[in-house]
Amino acid sequence: MATAATASIFPVPSPSPDAGADGNKLVGGSVKLQGLKSKHASSGGLQVKAHAQAPPKINGSTVESLKHDDDLPSPPPRTFINQLPDWSMLLAAITTIFLAAEKQWMMLDWKPRRSDMLIDPFGIGRIVQDGLVFRQNFSIRSYEIGADRTASIETVMNHLQETALNHVKTAGLLGDGFGSTPEMCKKNLIWAVTRMQVVVDRYPTWGDVVQVDTWVSASGKNGMRRDWLLRDCKTGEILTRASSVWVMMNKLTRRLSKIPEEVRAEIASYFVNSAPILEEDNRKLSKLDDNTADYIRTGLSPRWNDLDVNQHVNNVKYIGWILESAPQPILESHELSAMTLEYRRECGRDSVLQSLTAVSAADVGNLAHRGQLECKHLLRLEDGAEIVRGRTEWRPKPVSNFDIVNQVPAESI
């Protein structure tokens, strides 16, 4: 039926019954375009198969190859259908491409999005408030929380430091150094923190998304103040406020330096004329020694991973070393609510440090049941050179956090 249908549109010549008797009508019988196969009616029944290729010549004479194919099966009748090429491979390839495209199409999410979802909430951040404030969001990860399921103070400080560096990067002031501007890089200058003051109203928990705002202001003639404000991204509740003072230091000599006019011209336009976010704690940080300290931890030394690209210890690492000598009962029953640090000098990667802590309480042996507590801290080298002086304030942990300390959830057993 298919042959008949196609033959009505494309006429197909059929072999004549007397083709064998009158084989000289087409100069040697029927001719195939592809095989150029001719049949001659001869007495010996010999069939000659001539190819389109010219016969080879040897010494000027033509040599024809003769082939006996009397025993070969005769080809099927020529029709339009068996003249078509084999489309099975092409059809299989088209089907495979179609199925793959359909799978990718189904994986696309075509749900309508809100306008506020078009911005990556965990990207590098953005400049807000007339280009003077940098804002960035962070999600509290499982490895950033402690035994009471809240973020540690080191986690909070790392997020503050990250926003400071991204602020410089987004503003287009990041040179080859770690937070240094192009002019600072030319003069081998880096920033060094001299004072840090932090107040924590509440620690975020696992899965919370926090929003960090940071901005810079002038501090005296040769300093810069950087403030931070950390909020709960969902409720807007203020969680942490922090203020710091930074000065310039020569990267090669490791000595403090004045701010060159070229550098001041780079950063002055980003300064905000505002008061510090925290009222400065002007109480003097007293020095501790072996006689006045209640707890001493020795043998602390920086690891390679504690160094930043400026080859000095990250300032957040100093906080962890300070808390190494904090008494265990305070760590279990209280949480750090405020902290003031004075950075006096840096330590090298081969330094060995000691951490000293004194608790301002009459009964040191009953710390777990005390209310507000205050501690004094000193981080020093083995030869007595001071690295950091500090003061921390502690408040009792919330009941919900206190009850789960040192407890293993039933479903994890």
Legend entry - Distance-minimising heavy-atom pair for Thr357 and Pro327: CG2-CD, 4.3 Å
Legend entry - Closest non-hydrogen atom pair, Leu239 against Pro204: CD1-CB, 4.2 Å
Inset, instruction - Quick one: pull up CG in Asp308 and CG in Leu165 and give me the separation to the nearest 0.5 Å. - result: 9.0 Å
Inset, instruction - Mark yes when over 12 heavy atoms from residues, nucleotides or ligands other than Asn273 sit less than 6.0 Å from its CG; otherwise mark no. - result: no
Legend entry - Trp394 versus Leu336, closest heavy-atom pair with distance: CE3-N, 3.4 Å
Legend entry - Nearest-0.5 Å distance that lies between atom OG in Ser286 and atom CZ in Arg389: 7.5 Å
Legend entry - Test item: Asn222 side-chain N/O and Ile259 main-chain N/O as donor-acceptor pair under 3.5 Å: yes
Legend entry - Asn158 side chain to Thr155 side chain, donor-acceptor N/O pair below 3.5 angstrom: no
Legend entry - Tyr343 side chain reached by Val193 side chain, heavy atoms, under 4.5 Å: yes
Inset, instruction - Dump the intermediate steps for side chain to side chain contact (heavy atoms under 4.5 Å, CB included) on Met196 and Ile319, then the final yes or no. - result: CA-CA 11 Å; Met196 179 76 68; Ile319 299 175; 5.8 Å; no
Legend entry - Any Val313 side-chain heavy atom under 4.5 Å of Leu307 side chain: yes
Legend entry - Close side-chain approach of Leu379 and His377, heavy atoms under 4.5 Å: no
Inset, instruction - Under the side chain to side chain contact (heavy atoms under 4.5 Å, CB included) rule, what do Trp215 and Leu229 come out as? Steps first, then yes or no, please. - result: CA-CA 9 Å; Trp215 59 93; Leu229 181 63; 4.3 Å; yes
Legend entry - Leu288 backbone acceptor or donor facing Thr292 side chain under 3.5 Å: no
Legend entry - Positive for side chain to side chain contact (heavy atoms under 4.5 Å, CB included) with Cys375, one of Ile322, Ile330, Asp294: Ile330
Legend entry - Under 3.5 Å: donor-acceptor pair, side chain of Asn188, backbone of Leu252: no
Legend entry - Donor-acceptor pair, side chain of Lys376 and main chain of Leu356, under 3.5 angstrom: no
Legend entry - Over all atoms of both residues, closest heavy-atom pair of Asp201 and Arg395: O-NH2, 3.0 Å
Legend entry - CH2 on Trp246 to OG1 on Thr194, rounded to 0.5 Å: 9.0 Å
Inset, instruction - Inspect the contact between Arg380 and Glu386 and indicate whether a charged nitrogen and a carboxylate oxygen are less than 4.0 angstrom apart. - result: no
Inset, instruction - Determine whether the side chains of Glu324 and Ser355 contain a donor N or O and an acceptor N or O closer than 3.5 Å. - result: no
Legend entry - side chain to side chain donor-acceptor pair (under 3.5 Å) assessment of Thr163 paired with Asn166: CA-CA 5 Å; Thr163 54; Asn166 288 336; over 6 Å; no
Inset, instruction - For the residue pair Met249 and Arg254, establish whether any side-chain heavy-atom pair is separated by less than 4.5 Å. - result: yes
Legend entry - Under 3.5 Å: donor-acceptor pair, side chain of Ser244, backbone of Arg226: yes
Inset, instruction - Taking atom types as modelled, find out whether Asp281 and Gln197 have a side-chain donor-acceptor pair closer than 3.5 angstrom. - result: no
Inset, instruction - Starting at CD of Glu183, measure out to CD1 of Ile267 and round the result to the nearest 0.5 Å. - result: 11.5 Å
Legend entry - Interatomic spacing from CE in Met339 to CE in Met157 - rounded to 0.5 Å: 5.0 Å
Legend entry - Non-hydrogen atoms of Leu341 and Gly390 that approach each other most closely: CD2-CA, 3.8 Å
Inset, instruction - Determine, step by step, whether Leu160 and Val212 satisfy the side chain to side chain contact (heavy atoms under 4.5 Å, CB included) criterion, reporting the C-alpha distance in whole Å, the side-chain angles of both residues, the deciding distance to 0.1 Å, and the verdict. - result: CA-CA 7 Å; Leu160 301 187; Val212 184; 3.9 Å; yes
Inset, instruction - Using a 4.5 Å cut-off on heavy atoms from C-beta on, say whether the side chain of Met184 contacts that of Lys251. - result: no
Legend entry - Within-4.5 Å side-chain heavy-atom neighbours: Leu323 and Ile153: yes
Legend entry - Short side-chain to backbone donor-acceptor contact, Asp383 and Ala385, under 3.5 Å: yes
Legend entry - Salt bridge flag under 4.0 Å for residues Glu393 and Arg283: yes
Legend entry - Check: Pro260 and Met248 side chains under 4.5 Å, non-hydrogen atoms: yes
Legend entry - Closest contact, heavy atoms only, Pro302 versus Leu353: CD-CD1, 4.1 Å
Inset, instruction - State, without any angle test, whether Ser217 and Arg225 hold a side-chain donor-acceptor pair at a distance under 3.5 Å. - result: yes
Legend entry - Side-chain touch Asn315/Gln161, heavy atoms, less than 4.5 angstrom: yes
Legend entry - Distance (rounded to the nearest 0.5 Å) between Arg349 CZ and Asn305 CG: 12.5 Å
Inset, instruction - For a ring-ring contact (aromatic ring centres under 6.0 Å, His included) with His159, tell me which candidate from Phe138, Tyr203, Trp228 qualifies. - result: Phe138
Legend entry - Test log, rule side chain to side chain contact (heavy atoms under 4.5 Å, CB included), inputs His167 and Ile127: CA-CA 8 Å; His167 184 192; Ile127 301 290; 3.9 Å; yes
